[in-house]
Each structure stands twice: as C-alpha cells, then as structure tokens.
Amino acid sequence: MANPQYLIGQGEKLSQEIARPPRGMGDKAHPYEFFEARRRLTPQWKAAADAINLQPALAQPGGEAVLEVTLHPSYLAKSYYPNHLMRELSLRHLGSRATHIIPDKVVSSRAVEQGAAQPAPVLYVGGDAKQLTHFASEIANWAPRREDVQDEFRQIENVGIPGDSRLKPLRSAFTPGDEVPLEVVLHAPLDDSNGMIVAGFREYVRSIGLDIDLRRARQAGGLCFVPLRAPVEKLPEVLQFSFLRALREVARINPFEPALRMSGPAFPVTIGAEAALAPDLSVAIFDGGLPAGHGLERWVTTYDAPGVGNAFAAAQNHGLQVTSAFLFGPLQPGTPHTPPFSNVDHWRIIGDDHNSDDFELFSLLDRIEGVLTSRTYDLVNISVGPDCAIEDDDVNVWTSTLDALLSSGETVATVACGNNGERDSVARLHRVQPPSDGVNMLAVGASDKIGTDWRRAPYSACGPGRSPGYIKPDFVAFGGSPGAPFLALTSGSPASACGTMGTSFASPLALRGGAGVRAQFSTPLWAPTVKALLVHAADPGTQNRSEVGWGLVPHELGDLVLCGDGEAHIVYQRQMPETGAVRFFLPIPAGLPGMVEIKATFCFYCDVDPEDALNYTRAGLDVQFRPDTLRIPPPYMKDGRLITPTVPKSDSFFSAKDVYTTEHMRRSDAQKWETTLSRSKSKRATSLHQPAFDVGVIYREHGHDGRRPANMKVALVVTVRNRGTVDLYDRVVAGSGNRLQPLRPRANVPIPIRSRG
C-alpha cells in the first residue's frame, strides 16, 4: 500500500465541555400505598424477627443480624435506593444482588409483564438484632412522619433473613462424614465492624467444632473470602451465621490441559532472532512457566512468583503454547514466523503442589496480585482460573480482585473464558468462567477457524454475563478445532510445533492484536482505547451474541489499524470533566450522497463494588446522539403543558433492545452501567448537521449516589462509511481544519495488510 490510510487520531479535539443535558423524569407509578404495604409486610417482618431470635448468639457478632430486603421490580434504578428508610430503622448497607420475582402487583399494563418473573434488587442490610425484633413487634401500628420514609417503605416487596439458597450446589459427591473444602463469603464492610465480623465467624465455627485459618482470608471490597473445611452434615449449622453471604465448594483451578491435547504430528520450527517491534511495551503472561531449552530467550524473561512450588511438565507445555500464541500467532508449516510485537515477562504461578492444595484458588490469586501491585504492565494475559461457571447473584473473588487491580485503566488484560461450552446449558454450567466475567478485563472465547465461515468453537464458554458485564465473552479469536487446530510451539529439541485448541490460546492471540495496535503507532494509545479498537473491529457475522459477544477479532493487524476506501476510523481519547458533560462531534463531511453508516464504540474502566453484584460498576455513561446540533426544536404541547426545548433533539443510538434479551432488562437503566457500548446505525446524509454524542458520566456507590472520580478516561472509536465517496478518508481529515491527523506509525515498522474489503 503506497499511502496507507491509518487510524485517524486526535478526535478529542472535536469535543467540548457542555452543561449536562436535561433528562425528563415522569411521575412514578407506585404499586402499593403505605398502609397497604404495611399490612402485607407485617407478617413478613414478624417471621424475620422469629428467625433472628432462633439464631445462636455467636452467630450474631456484636449483637447484629442481617436482613434480606427485596424491592419491587419497579425500583431498579439508583434513584430509588431507600436511604431515608435505612436511617429511620438504623440499618446499614452490606451488599446487593439481583433476583427475579413475580410481584403481587405490576405497575405497567404491558401484557408481557403479567405473570412473568421480573428482575428485582435484593438488598442485604445489617442492624442491631434487638432493635429489629422490637420493630417487628411494633410495625402493625408504625406510621413514620416523614413522607420520604413512607415512600421508600412501600418499595419493599419481600423481607426476611438470608436463607438456605446461600449454600450453592456442591459439584462433587459427598456423604456424611466427608469434609468439604469450602469458600465462605462474609459480609464484612471496610469499617470498624470488619474485624468484629471476621473474628466472630471464627469464634462461631469453633463453637460448632470447626476451625479456619484467617491467614488465607481475602478481602475484596465489602466481602471477605475465607477457606473452610467442614463435614457435609455441618453445613446447615454454618449457614446460621448471620453475616454469611455465600457458602460454596471451593473451585479448583482449570487443569493445564487444552480442549485438545495434541493434533497431528509435530513439525520443525525455526526460531529467529529478530528484535521485537516495540520493546518498550511491557507485557505479562501468568501461566505454568516454560520448559528448559524453550529457545525464546530473545523475547521472553521468565519469573517464578513468590511461593510457587516446583515446575512440572504439563503446566510448562501449556505456558509455552500460550506464550507462542502471543509472540507469533498460529504457526504455519514451512512459513517463517513474523517478528513479535513486544517482549514478554512470563510469570510461573503454578507448581507441582497444586493438586494437593484444596485452596489453590487463593494461592494463585495471591501470586498474580503480588505481581500486579508491584509493577504496571501495558498488557496482561491470564489463561488459567477457577473451574466454575459465573453466577448472577455473586461475584467471584478472582473477578472482584482483578477488576479492582485493573480499575485505573492502565492495562489491557485478556482472560480465557473457559473450555466448558459443551457442559449442561440448562444448569448454565456452560457460561463463562471467572475472572473473564470482569468489567475491566476482556473475556476471550474461541472460534473454530480463521475465515468468513467461522463459528464459535463448541468448547468455548458462552454468555451472557451479569449486568453490568452482560456482553460476555467480549469477543472471540481463533482458538482451534479438530479440523483446524491451533499450531503452537511444543516442548522438545530442536524447536517444533503441533496442533492444539482451547480458549487458552485464543486469549493471547487477541492480546497480540492489542500489542500490534500499540506497536504500530508512536502516538500513545490508552488501555480503554486499545480495548475499544478490538471491540470496534470485531465482526459478529451471523453468530448469536451470547456465544461470541461483539464478534470475531480480526486476525490481520491491518484490519485493526487501516481504513479502506469509503470509510474513516476516528479515535477519541478524552478525560471527562468533574462537572457537566462532553459533546463529541462527528466529522461528517458536507455533501455526502445517500446514507451514512456510523459505528461508535465507547469504553472506560472504573472502580467496582464486589459486594453489590447488582450495582457492580461505580460509573456509567449517559449517551445521547444528536443528529443536528445546529437546530433546537420549537416549543410543543405535552400532557397539557407547553414544553420549550433548550437542547437539540436526540435520536436513539445505543438501545437496550440491541443488548438485552428480556423485555424487562430493556426497560431498566442497566445499559448505562456497562463499561463497553458499541452500535452501528445508518442515517440519511441530509439529516446530519454537525452531529454529536453528548456524554455525561454517572456515578454510584453501593447502588446509590456516589463520589465523582477525577479525570476518568473515556475512549471513543467512530467509523464513518459512505460507499459512494471513495475519498471519504481524505475529506474527513481535511474538513477538520487539521484538528484530526492520521496516527503516526513507528519508524521501521512494516505496513500491515488488510484481509477485509
């Protein structure tokens, strides 16, 4: 390509700060009046009080008990959090989760709601046990003076104490007398009560003849994860502890075996000595180590994480294949490999003692956390993790820990989503595995081949994820199949390669694409920008979104960094202001014929609340698309009132119906809290007059109003296509008045090729 059309940068120069646009709020239709709510809830409160009185004293540390309060499905949004009621009853927030219920009353007249289970918020709240039981005895005549307390009380659909559902189904067969290795999840807020609750649990389990080692306990937000061994017949007693959030058989780490161990004969490979194209990039792979004589010393530095046991062959071969996938991509017999984009630090985090350690889940996570807290990497790959499917009502300790570590937005992290895609889909055991359900990580599934007729590899885990984090996997990359195995290095001398398959290799291949983008340009690209570019370029084909997420990541780097005829890809990198909003103008040249296709992808990283599975992300985007920012609509009448618009008319662009499968989730505000939004839309060129996205950042903590983070980075990638305008790329750059400029490639970096037209 004589004059390559690289990605266009500096899109942020087309943005400006504005006042936050007004949002219309209609009157709320409440399902219950206060006195009706009091009547229907009185027996529930009394039953909860009776259950609290039956709990052993040691099961209530500090004399406190926990209630499970389910709000009516109409109150999903953060604006309905019952702050005033919490203060009135001296309750404190411990966490939340989502559930699906059929309420006694529905508010909407839509037929689809009648008799259908709807998503509803469940709040875990703590309070003095004696005060709670006293309130239950007085509730029949309780009439608070404050109207806001009454309004919030009538939001409650059900109230009780947490029940046996906290015990998750055991995956193994146990008989009485067998000890179960357990992961205990405690509500343990990061305040003065934390030590009281954790120490109280130790005292309680000792009282029933058990013991725990708090040295292996892990704190993640307001949750404490504790390993415990207990006979199966003791589990009902453990469940009586008031502050227990969940009790599950501890997950084992995925074995270091691909979905296919080896396919076809090995073939010789020549390992070159070319320097990495971007040696300044810092990359880490956390895996099983590399075998002696691996031959990759030119690009790879190996480390043993502190506390790891002795290396063993299966893990080392897995680590070699994962590292090979990142450095070279799929190898081809008789074809020289391309130079790696970057060097790699390979961290060995697993040793030969892992089979004898029931709680290796904690040990391996400790090692990863120790590395990531001591240094910052540009790119990270993790192809190991707990062998369990995600759950909607709780966040795994791996996910919550890594999401917190990556929340600053400095690192692009890819995670293999798991090879459990052929497990029982009715029991949802085929869903993505932790930590690939994280919002600050990219979950990578596997395709069965490279080319236009690709499909999800059958073994590749499926979505959806939780909300937020609903689109999981984020995308898929080639992972191999029996008919088209992934060719990667294998141990032995001289160097050789063989076929394999698994999401373990799709994940580093996707990260290789991110490294290629960073290596191609001298212009600094943020981690959210690299993530946005990968998502933006993913091709969904005809596949189901719950199976492939946003689609298949391009195999050729040129499809990520080059623009074709009739199209322009523009990159925006913007730190959001602490007040107000930002208007991102789209560079649509004047005089375009016919229809203009606009594709936009927003990405950001944010802090999380692990104890609030329902309200996990602390930040979200309120995005409004305005096709014509030069015109404000005239006044109009609505419901007998004169409405005088003050901002240009908005048009739907990111629609919940394009993301969520259920009618109820489409009507909630859930999509606003997703960290990735992507959509294409076609508009008539004559309707576009300085079109723009108005973007405001919204914030919450534990499901209600929170502190606004400073300088949050938001990346936006926009594609403008008009097939009738071959020189669209040049017109976009020229029409910006030199504010937009093609990204500058590094010196001596070869021009990549494109596979897509």
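Using a 3.5 Å distance cut-off with no hydrogens or angles, the side chains of Thr529 and Gln573 do pair a donor with an acceptor. Residues Ser407 and Asn440 bring no donor and acceptor atom of their side chains to less than 3.5 Å of each other.
The salt bridge (Lys or Arg N to Asp or Glu O under 4.0 Å) pairs that include a residue from residues 321-349 are Asp304-Arg348, where partners are two or more places apart or lie in different chains. Residue pairs satisfying the ring pair (Phe, Tyr, Trp, His ring centres under 6.0 Å) criterion with at least one member in residues 524-562, sequence neighbours excluded, are absent. Applying the salt bridge (Lys or Arg N to Asp or Glu O under 4.0 Å) test to every pair with at least one member in residues 278-294, sequence neighbours left out, gives these pairs: Asp280-Arg746. Within the structure, every pair that satisfies the salt bridge (Lys or Arg N to Asp or Glu O under 4.0 Å) test and touches residues 450-461, not counting sequence neighbours, is listed here: Lys449-Asp453, Arg456-Glu547. Listed by first then second residue, pairs satisfying salt bridge (Lys or Arg N to Asp or Glu O under 4.0 Å) with a partner in residues 400-414 read Glu410-Lys713, not counting sequence neighbours.
Looking at residues two or more places apart in sequence or on another chain, you find a side chain to side chain contact (heavy atoms under 4.5 Å, CB included) between Asn722 and Leu592, Pro593, Val596, Thr725, Leu728. Take Arg744 and apply the side chain to side chain contact (heavy atoms under 4.5 Å, CB included) test, not counting sequence neighbours, and it matches Ser522, Thr523. Under the ring pair (Phe, Tyr, Trp, His ring centres under 6.0 Å) criterion, Tyr303 pairs with Trp347, sequence neighbours left out. The ring pair (Phe, Tyr, Trp, His ring centres under 6.0 Å) test applied to Phe602 returns Phe654, Phe693, not counting sequence neighbours. Every residue two or more places apart in sequence or in another chain that forms a side chain to side chain contact (heavy atoms under 4.5 Å, CB included) with Leu552 is listed here: Ser447, Trp454, Val476. Not a single side-chain hydrogen bond (donor to acceptor under 3.5 Å, both in side chains) links Asp539 to another residue, sequence neighbours left out.
Distance OG/Ser15 to CD/Gln10: 11.5 Å, rounded to 0.5 Å.
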Could you walk me through whether Leu402 and Met441 pass the side chain to side chain contact (heavy atoms under 4.5 Å, CB included) check?
CA-CA 8 Å; Leu402 291 171; Met441 292 165 273; 3.8 Å; yes
Test Arg518 against Ser342 for side chain to side chain contact (heavy atoms under 4.5 Å, CB included), laying out the working first.
CA-CA 9 Å; Arg518 290 287 303 270; Ser342 69; over 6 Å; no
Between His569 and Thr719, is a side-chain hydrogen bond (donor to acceptor under 3.5 Å, both in side chains) present by the stated rule, with each step listed?
CA-CA 4 Å; His569 307 310; Thr719 292; 2.6 Å; yes
Please walk me through it: do Thr399 and Ile390 pass side chain to side chain contact (heavy atoms under 4.5 Å, CB included)?
CA-CA 10 Å; Thr399 302; Ile390 67 162; 5.8 Å; no
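For the pairing with Cys417, the side chain to side chain contact (heavy atoms under 4.5 Å, CB included) check across Asp437, Leu442, Val444, Val432 returns one residue only, Val432. Among Asn381, Thr323, Thr301, the single residue meeting the side-chain hydrogen bond (donor to acceptor under 3.5 Å, both in side chains) criterion with His346 is Thr323.
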Ignoring hydrogens and angles, write down the donor-acceptor pairs under 3.5 Å from the side chains of residues 324-337, residues two or more places apart or on other chains.
from   : atom 1 : to     : atom 2 : distance (Å)
Ser324 : OG     : Leu489 : N      : 3.2
His337 : NE2    : Gly272 : N      : 3.2

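In this structure, Lys531 forms a cation-pi arrangement with Tyr605, its terminal cationic atom sitting closer than 6.0 Å to the ring centre and no more than 45° off the ring axis.
Ion pair Glu12/Arg574 not flagged as a salt bridge, since none of the NZ, NE, NH1 or NH2 atoms sits closer than 4.0 Å to an Asp/Glu carboxylate oxygen.
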